[in-house]
Trainee: 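Got a structure here, written out as structure tokens. Questions coming.
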Amino acid sequence: MVKTLMAQVKEYKRDSILTPIFMLLEVVFETLIPLLMASIINEGVLKGDMKHIYIMGGLMVLLAAGGLWSGAMGGKYGARASTGFAKNLRKAMYENIQTFSFSNIDKYSTSGLVTRLTTDVTNLQNAYQMILRMCMRSPASLICAMAMAFYVNARIASVYLGAVILLAIFLYFLVGRTMGYFKEVFRKYDDLNESVQENVTAIRVVKAYSREEFEKEKFSKASQNLYKMFVRAESMLVLNMPVMMFTVYGCILLISWLGAKMIVGGSMMVGDMSLLLAYCMNILMSLMMLSMVFVMITMSIASGERVAEVINDTPDITDPENPVLEITDGSISFEHVSFKYKKESEDAVLKDINLDIKSGETIGILGGTGSAKSSLVNLVSRLYDVTEGCVKVGGRDVRKYGLETLRNEVAVVLQNNVLFSGTIIENLRWGNPDATEEECKRVCALACADEFIEKMPKGYDTYIEQGGTNVSGGQKQRLCIARALMKKPKVLILDDSTSAVDTATDAKIRRAFAEEIPGTTKLIIAQRIASIENCDRIIVMENGCVDDFGTHEELLGRNQIYQEVYESQAAGNADFDEPGKE
């Protein structure tokens, strides 16, 4: 974990080195000031030497100015190093997330990734700044003050040493007890963020069903759980301060008592006593700062593990060593394909699939909920890898192609249509960043999206809100189809992507596909037989297996599942999962 995190310091190494150097300089200046103060008392005040007082006083002012400058520079470079470190952590996580396959993404919740990119990184930023400044300053100040105290009077200095050992033991047990609490706290943060994200994303549904009170209660519960965990952790950490203060005042009283006896006995001068008290405060303040650092590190260790997990996670799907960079045609072949989302799962989602699809064919895919239709097409663009067998596109195993090559030639319109904030034309250019406006208009005509775009006040410059909330479901689907067509792919996959489109528009889209992109292989998942009955062939899926594969007429004549769906929809029941009644 530490190696992973420290690798992100990168260009801020200089700032990370300068910070502790300036903190050490500040410690040196602060350590010398009590010596001059003792000299003023012993050699100046007690002997009435004003010249010595002025000289030592002037040197103290210079040392104080040097300490102030060193502290300011340490703060400056420390802030630069810690904020840069946080920036690099966020960048490293975000860039690695972009390489994740679907199986990698399935490991994390969206809210969990948001928490890691925000709260966890902020904790690490604060901890790193504390480490650069306090972790260097406090031990150095403690060691220097301890050494000077032993040099002045070893007997009294042994009081400091005993206090340091006792506090170190206490801190060790305190950190160990609180570590588990903080790990749990950040899991609760994920739950809280998930509640907020889900509510904001689905706010229209919440209001439509008048579920505001339910959502408030849900958020309150998540917030209360987080509160309880923080109270447990903080109730342990709060012991730190009273123990520290008890030790500080106990040391001051003990040193004052021993020092007073030694001054009366003539074995120590008054100036040395003031020097020892000053070093006492330095030592104990250093311990207090160290305890704060330990608290921050304790909190950040849990955050560090979560951040390192994302940075170190390697994508399950990568480019081969010598990737093929050209796909000859849109032919697709499934050879004894089986697939599991998790390797340890007992049952496969897809079982021994064998299919041969010619380039340019239009293939319909029909099946009930959970029949693995989407799982089947996700293997074509290698969003997931097969567990057994192989999927071929253009006569080659998809695992031999470069990912960018494959996904540029296999365009997918997923079940959940997503538009990004920006204009319509900016969304269309996700398919081809260099597309002209004429090209954008052409694909919109193919997807029957031009009909509503041209009615908008700003046309193709109309701004799409985040998530496409200012367009209807059918309009969103058509824009997503147009965006996929912009790639001019050899294979086009529509995963139930016309479900929100009326039957007339659906028919226009299918007719446009047949006329304008005849060479593109088209896989169309649909619940309506009307959407796929004119396809060259139709796959009927059942429980992760291909139940039948043939034309509309062939399936009507021999396949019971297809017959039941056709009859139920012809009778006016368009729900696939409700079979026709005898």
Trainee: CD of Q560: more than 12 outside heavy atoms within 6.0 angstrom?
Mentor: no
Trainee: With side chains defined as the heavy atoms from C-beta onward, is the minimum distance between I493 and V380 less than 4.5 Å?
Mentor: yes
Trainee: Taking side chain to side chain donor-acceptor pair (under 3.5 Å) as the cut-off, I'd like each qualifying pair that reaches into residues 319-329, sequence neighbours left out, listed once.
Mentor: D329-S331
Trainee: Run Y341 and S375 through side chain to side chain contact (heavy atoms under 4.5 Å, CB included) and show every step you take.
Mentor: CA-CA 9 Å; Y341 281 103; S375 300; 2.5 Å; yes
Trainee: May I ask you to check whether over 12 heavy atoms, not counting those of K400, lie within 6.0 Å of atom NZ?
Mentor: no
Trainee: What I'd like to find out is whether the side chain of Q563 reaches to under 4.5 Å of the side chain of R558, using heavy atoms alone.
Mentor: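 They are not in contact (no side-chain heavy atoms under 4.5 Å apart), so the answer is no.
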Trainee: Keeping the roles fixed (side chain from R537, backbone from E361), state whether a donor-acceptor pair exists under 3.5 Å.
Mentor: no
Trainee: Can a donor-acceptor pair be found between the side chains of H552 and Y566 at a distance below 3.5 Å?
Mentor: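 The answer is no; no qualifying pair exists.
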Trainee: Show the nearest heavy-atom pair for residues I365 and M541, with the distance to one decimal.
Mentor: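 So the two residues come closest at CG2-CG, 3.9 Å.
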Trainee: Please check: side-chain N/O of S359 versus main-chain N/O of G330, any donor-acceptor pairing under 3.5 Å?
Mentor: yes
Trainee: Once you round to the nearest 0.5 Å, how far does CZ of R483 lie from CD1 of I424?
Mentor: 12.5 Å
Trainee: Looking only at side chains, do D352 and S338 share a donor and an acceptor under 3.5 Å apart?
Mentor: no
Trainee: Dump the intermediate steps for side chain to side chain contact (heavy atoms under 4.5 Å, CB included) on F549 and L355, then the final yes or no.
Mentor: CA-CA 9 Å; F549 187 25; L355 292 168; 3.6 Å; yes
Trainee: Counting only heavy atoms not in R407, do more than 12 sit closer than 6.0 Å to its CZ atom?
Mentor: yes
Trainee: For residues D313 and Y108, is any side-chain donor paired with an opposing acceptor at under 3.5 Å?
Mentor: yes
Trainee: Say whether Y12 and K87, considering side chains only, have a donor N or O and an acceptor N or O under 3.5 Å apart.
Mentor: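 Yes, a side-chain donor-acceptor pair sits under 3.5 Å.
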Trainee: Verify the distance criterion only: is there a donor paired with an acceptor across the side chains of D356 and S333 at less than 3.5 Å?
Mentor: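 Present: a donor and an acceptor within the cut-off.
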Trainee: With a 4.0 Å cut-off on N to O distance, would you call D120 and R306 a salt bridge?
Mentor: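 Salt bridge between D120 and R306, a charged N being under 4.0 Å from a carboxylate O: yes.
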Trainee: Ignoring hydrogens and geometry, is there a side-chain-to-backbone donor-acceptor pair from K351 to G544 under 3.5 Å?
Mentor: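 Not a single qualifying donor-acceptor pair exists.
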Trainee: Do L492 and T521 have side-chain heavy atoms sitting under 4.5 Å apart?
Mentor: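 Side-chain contact under 4.5 Å: no.
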Trainee: Less than 4.5 Å apart, any side-chain heavy atom of N354 and any of F334?
Mentor: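 The answer is no, as the side chains (C-beta and beyond) never meet within the 4.5 Å cut-off.
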Trainee: Could you tell me which non-hydrogen atom of A449 sits nearest to which non-hydrogen atom of L479, and how far apart they are?
Mentor: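 Scanning both residues completely, I find the closest heavy atoms to be CB-CD2, 4.4 Å.
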Trainee: Indicate every side-chain donor-acceptor pair of residues 427-439 with a distance under 3.5 Å to a residue at least two apart or in another chain.
Mentor:
| residue | atom | partner | partner atom | Å |
| --- | --- | --- | --- | --- |
| N427 | OD1 | F420 | N | 2.9 |
| N427 | ND2 | F420 | O | 2.8 |
| N427 | ND2 | T423 | O | 3.2 |
| R429 | NE | A435 | O | 2.9 |
| R429 | NH2 | A435 | O | 3.2 |
| N432 | OD1 | D434 | N | 3.1 |
| T436 | OG1 | E439 | N | 3.2 |
| T436 | OG1 | E439 | OE1 | 3.4 |
| E439 | OE1 | T436 | N | 2.8 |

Trainee: Is K358 salt-bridged to D536, cutoff N-O under 4.0 Å?
Mentor: no
Trainee: Within a reach of under 6.0 Å around CZ of R396, are more than 12 heavy atoms found that belong to other residues, nucleotides or ligands?
Mentor: no
Trainee: How far does OG of S220 sit from CD of E215, to the nearest 0.5 angstrom?
Mentor: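 Between atom OG of S220 and atom CD of E215 there are 12.5 Å.
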Trainee: Where is the tightest heavy-atom contact between V310 and L113, given as atom of each residue plus distance?
Mentor: CG2-CD2, 4.1 Å
Trainee: So, R116 and E309, do they make that salt bridge, N to O below 4.0 Å?
Mentor: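 Salt bridge: yes.
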Trainee: Taking atom OH as the centre, does Y94 end up with more than 12 heavy-atom neighbours from other residues, nucleotides or ligands that are less than 6.0 angstrom away?
Mentor: no
Trainee: Begin with the C-alpha distance, continue with both residues' side-chain angles, and end with the deciding distance and a verdict on side chain to side chain donor-acceptor pair (under 3.5 Å) for D495 and S374.
Mentor: CA-CA 7 Å; D495 188 354; S374 296; 2.7 Å; yes
Trainee: Is any side-chain heavy atom of N534 less than 4.5 Å from a side-chain heavy atom of R510?
Mentor: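 Of all side-chain heavy-atom pairs linking R510 with N534, at least one is under 4.5 Å.
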Trainee: Crowded around K10 NZ? As in, over 12 foreign heavy atoms under 6.0 Å?
Mentor: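 Result for NZ/K10: enclosed.
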Trainee: Taking all atoms of both residues into account, what is the closest heavy-atom pair of Y128 and S82, and its distance?
Mentor: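 Closest approach of Y128 to S82: CD2-CA, 3.7 Å.
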Trainee: Start with the C-alpha gap between Q475 and S472, add the side-chain angles, then the distance that decides, and say whether side chain to side chain contact (heavy atoms under 4.5 Å, CB included) holds.
Mentor: CA-CA 5 Å; Q475 290 171 341; S472 70; 3.2 Å; yes
Trainee: CD1/I529 to CD1/I538 distance, rounded to the nearest 0.5 angstrom?
Mentor: 7.0 Å
Trainee: Any side-chain to backbone donor/acceptor pair from K490 onto G519? Under 3.5 Å, distance only.
Mentor: no
Trainee: Mind checking the NZ-CG spacing from K107 to D316? Nearest 0.5 Å is all I need.
Mentor: 5.0 Å
Trainee: Side chains of S101 and N104: do they bring a donor and an acceptor to under 3.5 Å?
Mentor: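 Yes.
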Trainee: Within a strict 4.5 Å, meaning less than it, do heavy atoms of the T405 and I327 side chains meet?
Mentor: yes
Trainee: Answer whether the closest heavy-atom distance between the side chains of V391 and E335 falls below 4.5 Å.
Mentor: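 The answer is no, as the side chains (C-beta and beyond) never meet within the 4.5 Å cut-off.
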Trainee: Around atom CD of E554, are there more than 12 heavy atoms from other residues, nucleotides or ligands closer than 6.0 Å?
Mentor: yes
Trainee: Taking all non-hydrogen atoms of both residues into account, name the closest pair between S303 and N123 and its distance.
Mentor: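 Smallest heavy-atom distance, with atoms named: OG-ND2, 3.2 Å.
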Trainee: Please test L419 against C480 for side chain to side chain contact (heavy atoms under 4.5 Å, CB included), starting from the C-alpha separation and ending with a verdict.
Mentor: CA-CA 7 Å; L419 294 174; C480 289; 3.9 Å; yes
Trainee: Any side-chain to backbone donor/acceptor pair from S223 onto F219? Under 3.5 Å, distance only.
Mentor: no
Trainee: Measure the CE-CD1 distance between M1 and I311 for me, rounded to the nearest 0.5 Å.
Mentor: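 Between atom CE of M1 and atom CD1 of I311 there are 11.0 Å.
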Trainee: Indicate the atoms forming the closest heavy-atom contact of I517 with K522, along with that distance.
Mentor: O-NZ, 3.0 Å
Trainee: With a cut-off of 6.0 Å (strictly less than), are more than 12 heavy atoms of other residues, nucleotides or ligands near NZ of K218?
Mentor: yes
Trainee: Do L379 and I353 make a side-chain contact, defined as non-hydrogen atoms from C-beta onward lying under 4.5 Å apart?
Mentor: no
Trainee: Nearest 0.5 Å, please: how far is CE in M93 from CG in N312?
Mentor: 11.5 Å
Trainee: Would you confirm whether N559, through its side chain, and Y562, through its main-chain N or O, come within 3.5 Å as a donor-acceptor pair?
Mentor: yes
Trainee: Is E451 salt-bridged to R478, going by a charged N under 4.0 Å from an acidic O?
Mentor: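 Looking at E451 and R478, the cut-off is met.
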